[in-house]
Structures are given as structure tokens and as C-alpha cells.
Amino acid sequence: MITARVWREKKPRYLNQIGRCKGCGRLFFPPRRVCDGCRGREIETRAMSETGRVLTYTIIRVAPPAFAQEVPYAVAVLEMDDGARMLTQVTDVAPEDIRTGMRVRLEFRKIRQHGRTGVIAYGHKAVPE
Amino acid sequence: MRDVAVVGIGVMRFGELWETPLRDLCVNASLQAVEDAGVDRVDSIVVGSMACGLFTEQEHVAALAADYLGLGPVPATRVEAACASGGAALRAGFAEVASGLSDVVLVLGVEKMTDVSGDATTAGLATAAEQEYETFYGATFPGMSAMIARAYMERYHAAPEHLAAVAVKNHAHGALNPLAQFQNTITVDDVLQSVLVADPLHMLDCSPVSDGAAAVVLCSAETARRARKRPIRITGVGFATDTISLYRRPDLTRMAAVERAAKAAYAMARRAPGDIQVAEVHDGFTIMEICSIEELGFVPRGQGKDAAPSGLTALGGRIPVNPGGGLKARGHPVGATGVAQACEIVTQLRGEAGKRQVPGARIGLTQNMGGSAGSASVHIFEA
Ligand SMILES: [Zn+2]
């Protein structure tokens with residue numbers, strides 16, 4: 001059921017909710033039950049920093065059907081100012097102008113539509129800060 | 001644990017095999033391996049396949065293989081670890097023989113990828129990444145390796161030419177392998193002028209989409225004495241996992257699962273990287289071979305980029321890597337690859353590799369990985 005699959009992820013995706021291990025401080029996006037640093041299970045949730053930087057990126061030129069209309073588009077690994085990591089698209093900038101280390105800010109955007117159902121899924125994309 | 005040997009191999013030429021159904025891929029490679037071994041029975045079948053359901057709408061492929069091989073009612077099960085499914089199946093087969101659960105095991109790797117459109121193949125391969133937090137945002141499988149490549153190039157001052165040299169080398173090797181999907185040589189310029197798939201990776205940095213199967217027959221050392229050819233022992237087995245998500249890796253230039261799997265295999269075989277005389281390494285993308293030979297200990301960190309350009313990893317070099325052409329030129333039917341790598345190393349250690357023979361090779365290694373090294377498998381073989 002694609003609608004269920006989309007809405008059950010809405011807290012991490014809409015609120016940028018991350019988990020933080022109370023034992024060792026490791027951060028997770030999305031939140032998880034078990035820390036892969038210390039195997040601790042006391043995890044608190046909080047919001048991810050909204051600003052950060054590009055650690056690495058690529059320009060996707062061959063995409064699966066859900067994104068075929070959007071090529072070329074940039075995808076990056078981000079490290080946010082609190083240390084949390086995520087992968088998302090970098091937009092509102094020409095892909096060729098993106099650089100490693102570039103400062104970015106997260107904005108709430110439409111991410112994709114799912115197959116024949118057309119269910120729209122939202123989340124955060126990065127834009128230049 | 002009992003000693004385990006490879007006594008039979010079967011590998012076909014990979015390619016766009018439109019006339020051959022999935023069941024025949026399974027049967028053709030398996031019959032060749034069983035005949036090569038000269039065994040009169042098989043106790044169990046283990047099949048490695050990443051996504052036969054997505055690519056052909058056929059799950060339950062192990063039972064399909066057993067049935068069409070006429071080997072029912074032997075137990076037959078499938079093992080999956082994305083592109084490392086073949087390596088994972090080899091490990092599972094090894095464990096069956098080593099434990100005494102089975103004496104003769106057929107390990108089959110298979111994938112049929114060209115029945116679906118290129119779009120669907122791209123989407124299918126992307127299932128090796130985290131669906132809800134990587135693929136969801138538009139990341140592709142080549143895109144993951146591209147991000148590793150950029151991180152590596154910026155850290156170690158590598159140029160696109162360094163990556164291209166890996167593809168050039170593996171095509172040169174493939175040109176010597178009558179079973180390679182591509183037997184043409186290419187130049188660095190060819191790679192750099194091919195279309196960009198995901199910057200900085202060009203089309204010729206990527207392994208192809210292929211149909212194919214490969215099989216090996218494993219048995220105990222005692223049963224191996226009755227084999228037709230010289231048994232090749234599997235002396236080291238290692239498998240490790242890492243975060244499935246690339247973005248959670250502390251160092252984006254590392255493939256730590258490969259290092260962990262290699263350490264386990266070296267320890268079990270009581271061997272060191274310097275003992276390895278020939279290796280089949282997972283070059284799904286050129287950057288993967290560069291990172292992998294560092295993790296395997298063949299070269300220091302940061303120097304993987306120089307190995308292909310300097311000839312170190314070419315036939316005739318200190319440590320020939322991918323003499324069979326690698327995934328790049330031999331082809332990459334994903335589930336078949338880990339088993340095809342084993343077939344190449346056994347061929348080398350038997351001294352039957354013809355024009356691509358590494359002279360006098362007695363110790364070889366295979367390394368297979370799934371996703372962006374979320375899974376990694378290493379096996380050591382000795383004549
Ligand atoms: Zn922890």
C-alpha cells in the first residue's frame with residue numbers, strides 16, 4: 001500500500017526528526033531503536049539542524065522512472081551543523097556550480113510521485129544558504 | 001571444520017542472451033560445472049541471485065534450478081546480498097561442506113537483467129541502497145559510486161584519467177578472455193568521451209547490464225580425491241557488512257566491509273596480502289576497484305589510483321587484478337558475478353587460463369561486494 005508506505009515515514013521526512021543515542025551521542029537520520037555505535041537502546045528524538053554543508057555530490061544524468069523528467073539533478077551527502085548526516089537533492093542552483101564544502105539550508109519540497117497511484121511524497125531538499 | 005575444495009566450474013559467455021530463458025541459464029552453467037567435476041551426485045544446491053523477481057518475475061529460483069537440472073528432491077535455497085549474492089552463495093555452500101551437512105554442493109550464481117527496460121534495471125539496481133532515505137530522494141546506484149569517487153578524487157588528488165585506466169586495463173584483459181562479454185580494447189579517451197552517467201563517472205566507468213550464470217561444485221577434501229581435475233582448495237572465507245546507507249559512513253572514501261572481510265579471510269587462510277598472486281576484484285564501477293585494492297591491502301591507502309596507470313594490477317604486473325576482464329568486460333549479471341570470479345581464479349590456479357594466464361599462480365583471491373559495499377565477500381583459493 002503505497003499511501004501507508006509514504007505516511008509512515010512522515011515524521012522523519014517532514015519534521016527532519018533524528019535520533020540521538022543517550023549512551024554515546026551518535027546521531028541517526030532516520031531515528032532507530034538500536035545505536036550502531038554502542039548498541040545502546042536509549043535513543044531520544046530531536047530536530048535536525050537546518051543548515052550544513054555538502055560532503056560529496058554527484059549530478060544524476062540517468063535516473064529511474066520516478067525522476068526521469070528531472071535530469072540532470074544533483075544529489076549530495078550533507079553534514080548538518082549538529083553533525084547529523086542525510087542524503088538529498090541540492091536544488092535552486094545550477095548543478096555545475098555545486099562544490100564540496102558548499103553551505104546549504106534545508107527546505108520543504110515535493111520529492112517525488114509514486115508510480116501509477118500518483119501519491120505525492122514530500123521531504124527536504126537542500127538549497128544554497 | 002572440514003577442508004573444502006572446488007572440483008568443477010561452469011561459466012558461460014555473458015551478454016544480452018535474449019534467446020536463453022532464466023531456467024536455461026541455470027542449467028547450462030550447472031551442467032558444465034557438474035561435468036567438469038566428474039561427480040556422480042549433488043547433495044545440495046545454493047543459488048545466489050540479487051533480483052530475479054524484479055528482473056524476470058520469477059522468485060523461487062533455487063527450486064526452479066533443481067527441477068530443470070533433474071536434481072530434485074535435493075535441498076535448494078537462494079542467498080541474497082545484492083551484487084554480492086554470488087559471493088554469499090559461495091560462502092553458504094562452503095559452510096555446508098565444511099560442517100559436514102552436505103558433501104557435494106552445487107553453488108550457482110545467476111541473473112537475467114535484459115528482459116526489462118533500462119529504466120527498470122536502473123530502478124532494480126537501486127534497491128541495493130536504502131529505499132526510504134537514499135533512493136527516495138533520487139539517488140541511483142551509479143550515483144552512489146560517483147559520490148565515493150568524488151570524495152576519493154578530492155582527498156587523494158585523483159583525476160578522471162586514474163579511474164578510466166581501470167576500465168582500459170580490464171578491457172585489455174577481457175580481450176584475452178573468450179568468455180568476456182566485451183572483447184574490445186578501449187582507450188582513456190574513449191572512457192572520458194563516453195556520456196556522463198553520474199558525474200564524475202562516465203558510461204565506460206560502469207560495468208554493463210548482462211544476462212548470465214556461473215556455477216562451481218564444492219566438496220570435501222576426501223571426495224575431491226576422486227575428481228577429474230586438480231582440486232582447488234578454498235582456504236579463506238570472509239564476509240562483512242557496513243551501513244547500508246552511504247551517507248552514514250564516517251569516511252566516504254572507505255569501503256570498510258571489504259577490509260573486514262579480507263582480514264577474516266587472510267586470518268583463516270594464514271595468508272597476507274603479499275601472498276596473493278592473482279585477484280578478481282569487484283569493479284562494478286572503476287572507483288570500486290581502486291578502493292577495493294586498498295582495502296584488500298594490495299596497495300597503501302590513497303595509492304589505489306596509481307595501480308592501473310602504473311601497470312601494477314595489469315597482467316605482468318606485481319598483482320594482476322581482474323585477468324578475466326572484471327565485471328567491466330566479462331559482464332555483470334549481478335548474482336552470477338561472485339561465482340564467475342571463483343571460476344576465473346580456479347581456471348588461473350589450474351593453469352588453464354590461456355593468453356591471460358598469470359604464470360605459476362598458486363594462490364588467488366576473489367572479492368565481491370553488494371550495494372556501495374554494504375556487504376562484502378572475500379575468498380582465498382589455493383592450488
Ligand atoms: Zn550509542
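Note that the structure is a prediction, hence the values are computed from the model and not measured. Reckoned from all heavy atoms, side chains included, excluding hydrogens, waters and symmetry mates. Each chain gets a letter, A, B and so on, in the order its sequence line appears, and its residues count up from 1.
Using a 4.5 Å cut-off between heavy atoms, B:Leu196 contacts chain A through both its backbone and its side chain. Neither the backbone nor the side chain of A:Arg109 comes within contact range of chain B; no heavy atoms are under 4.5 Å apart. Neither the backbone nor the side chain of B:Ser245 comes within less than 4.5 Å of any heavy atom in chain A. Heavy-atom distances place both the backbone and the side chain of B:Ala151 under 4.5 Å from chain A. Only the backbone of B:Arg249 comes within contact range of chain A, with at least one heavy atom under 4.5 Å from a heavy atom of that chain. Contact annotation for A:Leu87: both backbone and side-chain heavy atoms come within less than 4.5 Å of a heavy atom of chain B. For chain A, the nearby parts of B:Phe136 are the backbone and the side chain; heavy atoms of each come within less than 4.5 Å. Residue B:Met203 does not touch chain A at all, counting heavy-atom pairs closer than 4.5 Å. With a 4.5 Å cut-off on non-hydrogen atoms, B:Glu134 touches chain A through its backbone and its side chain both. Looking at A:Ala76, the atoms closer than 4.5 Å to chain B (heavy atoms on both sides) all sit in the backbone: N, CA, C or O. Of the two parts of A:Leu78, neither the backbone nor the side chain holds a non-hydrogen atom closer than 4.5 Å to a non-hydrogen atom of chain B. Contact of A:Phe29 with chain B is made through backbone and side chain together, with heavy-atom distances under 4.5 Å.
Heavy-atom pairs under 4.5 Å with chain A were tallied for B:Val195, B:Thr122, B:Val197; the largest tally goes to B:Val197. Of the listed residues A:Arg13, A:Gln89, A:Glu70, the one with more heavy-atom pairs under 4.5 angstrom with chain B than any other is A:Arg13. Among A:Val77, A:Ile59, A:Leu55, the residue with the largest count of heavy-atom pairs under 4.5 Å with chain B is A:Ile59.
Separation of the B:His332 and B:His282 ring centroids falls under the 6.0 Å cut-off.
A:Glu9 CD: more than 12 foreign heavy atoms inside a 6.0 Å radius. Under a cut-off of 6.0 angstrom, the local environment of CD in A:Glu44 is crowded, with over 12 non-hydrogen atoms contributed by other residues, nucleotides or ligands. Atom CZ of A:Arg41 has 12 or fewer heavy atoms from other residues, nucleotides or ligands within 6.0 Å.
The cationic atom of B:Arg150 (NZ for Lys, CZ for Arg) lies less than 6.0 Å from the six-membered ring centre of A:Tyr57 and within 45° of the ring axis.
Side chain of B:Glu111 to backbone of B:Gly335: a donor-acceptor contact under 3.5 angstrom is found.
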Can you list the steps and then say if A:Cys38 with A:Arg26 is a side chain to side chain contact (heavy atoms under 4.5 Å, CB included)? CA-CA 9 Å; A:Cys38 69; A:Arg26 191 173 281 219; over 6 Å; no
Run the numbers on B:Tyr156 and B:Glu294 for side-chain hydrogen bond (donor to acceptor under 3.5 Å, both in side chains), then give the verdict. CA-CA 13 Å; B:Tyr156 296 115; B:Glu294 295 180 8; 5.2 Å; no
What do the steps show when you test A:Glu129 against A:Arg53 for salt bridge (charged side-chain N to carboxylate O under 4.0 Å, His left out), and what is the final call? CA-CA 9 Å; A:Glu129 191 177 7; A:Arg53 66 191 174 101; over 6 Å; no
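Here the closest heavy-atom approach between residue B:Phe14 and residue B:Pro333 is recorded as CD1-CD, 3.3 Å.
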